[in-house]
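To find a chain, count down the sequence lines: A is the first, B the second, and so on, and within it residues start at 1.
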There are 2 protein chains.
Amino acid sequence: MAKVSFREQVLQAREDAIVESANRLLAEKGFDVMTVDEVAADVGIAKASLYKHFTSKEELAAAAMIRVLDRALAFIVTLDTTTRASAIEQLKAVARWTMQVQLAGEMPSLPAQNSALRAALVAHKVYLDRLMAVSERLGTWIAEAQRAGQLNPRLPPEVMLYTLFARACDPVLGLLKASGQHSDDEIIETLLSTCFDGLCGPDRRT
Amino acid sequence: MAKVSFREQVLQAREDAIVESANRLLAEKGFDVMTVDEVAADVGIAKASLYKHFTSKEELAAAAMIRVLDRALAFIVTLDTTTRASAIEQLKAVARWTMQVQLAGEMPSLPAQNSALRAALVAHKVYLDRLMAVSERLGTWIAEAQRAGQLNPRLPPEVMLYTLFARACDPVLGLLKASGQHSDDEIIETLLSTCFDGLCGPDRRT
DNA sequence: GTCTATAAGAGGATAGAC
DNA sequence: GTCTATCCTCTTATAGAC
C-alpha cells in the first residue's frame with residue numbers, strides 16, 4: 001500500500017514536471033510554435049513517455065491552463081479569506097497577480113485563432129470546470145463593484161470578465177518589458193492604470 | 001510601352017489578390033496555422049506561382065501587414081485633412097476604425113511569440129517604414145492630447161501607442177462577437193470606452 | 001510566370017523491446 | 001512506464017517543362 005502510494009507520488013511528480021515545462025514553453029513560444037519534442041527534452045524524458053501521461057498536444061496545453069487556473073483560484077481564495085478590501089481592490093489585486101505571472105514567463109497564452117485547440121478545450125470538462133470556477137469568483141466581485149459604483153455600471157459584466165482575462169496575456173506587457181526602459185513594478189502599475197482608468201486617466205471633470 | 005504597362009497591371013492585380021487572401025486568412029487563422037497552400041488555393045493559382053511573387057511565408061505576412069498599415073495611413077491622412085476635431089477625437093476615430101477592420105475579418109493579427117516571424121519583420125525595411133509612419137502620426141496626436149489633458153499625462157506616450165496597436169487586435173472583440181449578444185456598433189463603443197475610460201468608467205469624483 | 005511534380009524536413013503520434 | 005526507432009502526414013520551398 002505504502003509502496004504503491006510512493007510510486008504514485010513519483011509519477012505525479014513527473015507529471016507536474018511535464019506540465020511545468022509545457023507551461024513555460026507555452027508562455028514563451030505559444031501553442032503553435034511549441035513542439036512536444038521540446039517539452040520532452042526540457043523535462044529530460046522521451047517523447048513516447050510523455051505521451052503515456054498526455055494523449056495529445058492539446059491535452060498537454062489543457063493541463064497547463066488548468067495549472068494556472070488552479071493557481072489563480074488559490075490566490076483568489078486567499079484574498080477572499082485574508083483581506084477585507086473592497087471588491088474593486090480585490091479585482092485589481094487579481095489583475096496585478098496575473099501580470100506578475102506573465103512577467104515571470106509563466107502565463108501560457110494560447111492563440112484564440114487555432115480552432116483545433118479551441119475545439120479540444122471547449123470539450124475538456126476539467127478545464128471548463130476550472131475556468132467557470134474562476135469566472136464565478138470574479139463575477140461576484142464585478143457585480144459588487146458595479147453596484148458600489150467602483151466599476152462602470154453601464155458596461156456589461158461579461159465585458160469586464162473578458163477584459164480581465166485578456167489583460168492577463170496582453171502583449172503590451174511584453175513590449176514594455178522588451179523596451180527595457182521600465183521596472184517590472186512600473187510596468188504593472190502602468191498597465192493596471194490603463195486597464196481600470198483607461199488611457200484618459202482617472203482625473204476628469206466631465 | 002503600353003503593352004508592358006498593361007502586363008504589369010495584370011501582375012500587380014494578381015499580387016493584390018494574393019495579399020488580400022493572405023490578409024483575410026491571417027485574420028482568420030493566424031500566421032502559424034495558415035498555410036501557403038491555402039492562400040494559393042484561395043487565390044486560385046499554383047503554390048509555385050505564389051512563390052514567384054513572395055519568396056517566403058514571412059514575406060507574404062509582411063505584405064499583408066504593409067497593406068493594412070497603408071490603409072491605416074490613408075485613413076489617418078483623410079482624418080487629418082478633412083476634420084478639425086481635437087487630438088483625442090482623432091485617436092478615438094482611429095481606434096474605432098481598427099475595430100471595424102477587425103470585425104470585418106481583415107486585421108491580420110500576427111503572433112507576438114513567433115520569433116522567426118519577428119526576425120523577418122524587424123529586418124523588413126518597407127514594413128518598418130510603414131510602421132514608423134503610422135507611429136509618428138499617432139505619436140503627434142498622443143502628445144497633443146496629453147498636453148491638452150485629454151489623455152493621462154502621467155502615462156508614457158509609448159504605453160499609449162502600444163496599447164492602441166494592441167487593441168487593434170484585442171481578442172475581447174472576438175469573444176463579444178462570438179457571444180452573439182451585441183451588435184457590432186455596441187461592441188465597438190463598449191471597447192472604445194474600456195480602452196479610453198477604463199473598466200471604472202469616466203464618471204468619477206476622486 | 002504559370003503549371004505539375006517532388007524534394008526536404010519538421011512534427012505529432014505510435015510500435016515494440018525492456 | 002520508459003526507452004529507441006519509426007511511421008506518416010503536413011508544410012515549406014524548389015525543379016523543370018511549357
K.L.:
Can you see whether B:Asp32 engages B:Asn114 through a side-chain donor-acceptor pair at a distance of less than 3.5 angstrom?
P.N.:
yes
K.L.:
Could you check which residues of residues 15-41 of chain B get a heavy atom under 4.0 Å from DNA chain D? Sort them by number, please.
P.N.:
B:Met34, B:Thr35, B:Val36, B:Asp37
K.L.:
Quick one, B:Phe165 and B:Ser135 - any side-chain contact, counting heavy atoms below 4.5 Å?
P.N.:
yes
K.L.:
What's the CG-P distance between A:Leu60 and C:dG12, to the nearest Å?
P.N.:
10 Å
K.L.:
Using a cut-off of less than 4.0 Å, is there contact between a side-chain N or O of A:Arg14 and OP1 or OP2 of D:dT2?
P.N.:
yes
K.L.:
Measuring from the side chain of B:Ala48 (C-beta onward, heavy atoms only), which nucleotide among C:dC3, C:dA13, D:dT2 has the closest atom?
P.N.:
C:dC3
K.L.:
Look at all strands and tell whether A:Lys52 reaches a base, only sugar-phosphate, or nothing, counting heavy atoms closer than 4.0 Å.
P.N.:
base
K.L.:
Atom CG of B:Leu50 and atom C1' of D:dT11: how far apart are they, to the nearest Å?
P.N.:
14 Å
K.L.:
Whole angstrom is fine here: how far is it from CD in B:Glu58 over to C1' in D:dT11?
P.N.:
12 Å
K.L.:
Checking side-chain polar atoms at under 3.5 Å, does B:Glu59 have a donor or acceptor matched by the opposite partner on B:His124?
P.N.:
yes
K.L.:
For A:Ile45 and D:dG1, what is the distance between atoms CD1 and P respectively, to the nearest whole Å?
P.N.:
12 Å
K.L.:
Nearest to the side chain of B:Lys47 - D:dT12, D:dT2, C:dT2?
P.N.:
D:dT12
K.L.:
Measure across B:Gln102 and B:Met107 and return the closest heavy-atom pair with its distance rounded to 0.1 Å.
P.N.:
CA-CB, 3.8 Å
K.L.:
State, without any angle test, whether A:Gln113 and B:Ser109 hold a side-chain donor-acceptor pair at a distance under 3.5 Å.
P.N.:
yes
K.L.:
How close or far is atom C1' of C:dG11 from atom CG of B:Asn114, stated in whole angstroms?
P.N.:
15 Å
K.L.:
Please tell me which of the listed nucleotides, C:dT4, D:dA13, C:dA13, lies nearest to the side chain of B:Tyr51?
P.N.:
D:dA13
K.L.:
Taking only the side-chain nitrogens and oxygens of A:Ser49, find out if one of them lies under 4.0 Å from OP1 or OP2 of D:dG1.
P.N.:
no
K.L.:
Search all heavy atoms of A:Cys200 against all heavy atoms of B:Gln150 and return the closest pair with its distance.
P.N.:
SG-O, 3.5 Å
K.L.:
Is any side-chain N of the basic residue among B:Arg96 and B:Asp185 closer than 4.0 Å to the acidic one's carboxylate O?
P.N.:
no
K.L.:
Can you check the A:His53 NE2 to D:dG1 C1' distance for me, whole Å?
P.N.:
7 Å
